Amino acid sequence: MTGALAADGISFAYPAALFRNSMPAQILHNVSVRLAPGTGTALVGSSGSGKSTLVRILLALAKPSSGTVALGARQVKPGNARSLRWYRQAVQYIPQNPAGSLDPRMTVSQLLGEPLRQLRVEGNHRALLCEALERVELPAGLLDRRPGELSGGQNQRVAIARALAVRPDYLLADEPVSGLDLPLRDTVLSLLSGLVREDGLGLLLVTHDLATAARICGTTAVLSQGRIVEHGPTRRVLDSPGSPEAAALVQASAAIQIPRDVPAGAP
Ligand SMILES: Nc1ncnc2c1ncn2[C@@H]1O[C@H](COP(=O)(O)OP(=O)(O)OP(=O)(O)O)[C@@H](O)[C@H]1O
């Protein structure tokens with residue numbers, strides 16, 4: 001059984017740009033988040049608050065200036081591909097615009113098989129590919145197609161299947177539905193919700209939008225200027241935000257909801 005995925009006391013600064021004679025930019029200040037299997041945690045915050053930087057640190061792609069990342073009892077640090085193979089298999093990333101991350105020259109079979117080969121995952125790869133496709137409700141008949149031969153929605157699911165093929169315990173999804181139209185957004189959110197509730201994956205969902213967070217995440221952490229200013233049940237954050245940053249995000253989410261409810265043809 002995989003343990004929690006925890007970032008503890010993370011601080012981080014991007015190095016000073018020498019040519020600009022600038023100081024190192026302190027981006028994260030003593031940030032802690034803890035993810036557990038079968039639970040969804042939303043990381044919300046305004047643009048530039050440090051969400052993607054924290055995700056990079058959780059993915060062991062950047063080294064914090066202080067603090068630790070650990071999966072269960074095992075500490076994780078940036079390192080070579082071989083030393084991180086176990087971690088890459090356990091923790092997968094779904095980027096913003098997942099479909100855009102697919103190489104158009106590769107078939108679905110090659111796209112899904114690549115991480116299995118790179119991470120030297122044991123077992124029958126063909127069976128793992130089919131299992132991943134089935135989980136995102138795509139037929140195995142698509143394995144020989146290329147992204148250009150699929151719809152936008154199918155490509156989104158292929159990209160999620162790619163993360164699922166290695167059978168991870170955790171998914172870190174950075175704004176996975178921004179830029180999608182509403183029906184597609186709904187499909188992807190339902191899929192992610194099922195992965196948490198039915199398959200027991202742990203999910204970190206990075207989003208600007210608290211309404212999106214509320215759909216799938218029981219817990220929400222609010223990041224503001226590199227600090228966690230609120231961390232608790234999403235319902236509580238929505239109903240009685242305890243920080244000005246959370247209050248502003250609730251207001252923004254509500255404002256985005258209003259036009260959707262306006263009947264067609266209304267002035
Ligand atoms: N490579 C870099 N070098 C220097 N500063 C950077 C670098 N990448 C990001 N930053 C700065 O770090 C801060 C946090 O960026 P980050 O991308 O983590 O925020 P974010 O909350 O994910 O924003 P967004 O919601 O717009 O994606 C920003 O001020 C950004 O300009």
Side-chain angles (χ1 to χ4, degrees), residues 5-35 40-69 76-78 91-101 156 159 163 170-180 185 188-189 192 203-217 219-232 234 237-238 241 243-256:
L5 174 57
D8 195 21
I10 299 289
S11 295
F12 179 84
Y14 284 107
L18 286 177
F19 62 94
R20 279 193 232 121
N21 203 18
S22 68
M23 298 286 286
Q26 187 74 28
I27 302 299
L28 296 174
H29 308 263
N30 195 24
V31 168
S32 298
V33 285
R34 188 181 176 85
L35 313 179
T41 300
L43 181 65
V44 299
S46 55
S47 184
S49 56
K51 304 180 296 295
S52 300
T53 302
L54 181 59
V55 169
R56 284 177 56 74
I57 290 169
L58 279 167
L59 288 167
L61 295 173
K63 187 173 181 294
S65 41
S66 59
T68 56
V69 173
V76 184
K77 291 181 182 154
V91 180
Q92 280 284 310
Y93 175 61
I94 299 178
Q96 196 167 3
N97 182 14
S101 68
Q156 293 289 338
Y170 288 94
L171 290 176
L172 308 185
D174 197 349
E175 304 269 11
V177 297
S178 68
L180 300 185
R185 189 179 289 208
V188 172
L189 289 178
L192 291 175
L203 171 74
L204 182 74
L205 177 75
V206 174
T207 176
H208 287 92
D209 181 20
L210 265 169
T212 298
R215 286 271 313 265
I216 32 181
C217 295
T219 303
T220 289
V222 180
L223 197 58
S224 172
Q225 295 179 22
R227 289 185 167 81
I228 299 277
V229 291
E230 195 155 345
H231 193 184
T234 305
V237 175
L238 273 170
S243 61
E245 292 84 359
L249 288 165
V250 170
Q251 219 168 26
S253 294
I256 291 166

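When a ligand or atom number is given, it counts from 1 through the structure's own listing order. This one's a predicted model, so the numbers in the text were calculated from it and none came from an experiment.
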### Message
Quick check on atom 12 (O) of ligand 1 - does any protein heavy atom sit closer than 4.0 Å to it?
### Response
yes
### Task
Can you sort out which atoms of ligand 1 are near S49, meaning under 4.0 Å from one of its heavy atoms?
19 (O), 21 (O)
### Query
Which protein heavy atom lies closest to atom 23 (O) of ligand 1, and at what distance to 0.1 Å?
G48 N, 2.8 Å
### Query
So which heavy atom in the protein is nearest atom 18 (O) of ligand 1, and how far is it from that ligand atom?
T53 OG1, 2.5 Å
#### Entry: side-chain contact (heavy atoms from CB on, under 4.5 Å) partner of I216, chosen from T207, L205, T234
L205
### Query
Got the closest protein heavy atom to atom 9 (C) of ligand 1, with its distance?
Y14 CE1, 3.5 Å
### Query
What residue and atom, counting heavy atoms only, is the protein's closest point to atom 25 (O) of ligand 1, and at what distance?
K51 NZ, 2.8 Å
### Task
Please state whether G45 comes within less than 4.0 angstrom of ligand 1, counting heavy atoms only.
no
#### Entry: Side chains of L54 and L28 in contact at under 4.5 Å (non-hydrogen atoms)
yes
### Message
Under a 3.5 Å cutoff, is there a donor and acceptor pairing between the side chains of D8 and S32?
### Response
yes
### Query
So, the side chain of T41 versus the backbone of L204: is there a donor-acceptor pair under 3.5 Å, distance only?
no
### Query
For V31 and R227, what are the C-alpha separation, side-chain angles and deciding distance, and is it a side-chain contact (heavy atoms from CB on, under 4.5 Å)?
CA-CA 6 Å; V31 168; R227 289 185 167 81; 5.8 Å; no
#### Entry: ligand 1 contact by H208, heavy-atom criterion under 4.0 angstrom
yes
### Query
Among protein heavy atoms, which lies nearest atom 17 (O) of ligand 1, and at what distance?
S52 CB, 3.7 Å
### Query
Under 4.0 Å from ligand 1, counting heavy atoms only, is it the side chain of S46, its backbone, both or neither?
backbone
#### Entry: Protein residue, atom and distance nearest to atom 19 (O) of ligand 1, heavy-atom basis
G50 N, 3.3 Å
### Task
Report yes if the side chains of K77 and K63 come closer than 4.5 Å at any heavy-atom pair, otherwise no.
no
### Query
Can you check whether S47 has an N/O within less than 3.5 Å of an N/O in ligand 1?
yes
### Query
Checking E230 side chain against S243 main chain: does a donor-acceptor pair fall under 3.5 Å?
yes
### Query
Protein heavy atoms: any of them under 4.0 Å from atom 30 (C) of ligand 1?
no
#### Entry: Distance, nearest 0.5 Å, that separates CG of L58 from CG of D174
11.0 Å
### Query
Will you find, in the side chains of Q96 and S178, an N or O donor that is under 3.5 Å from an N or O acceptor?
yes
### Query
Would you say I27 and ligand 1 have an N/O pair spaced under 3.5 Å apart?
no
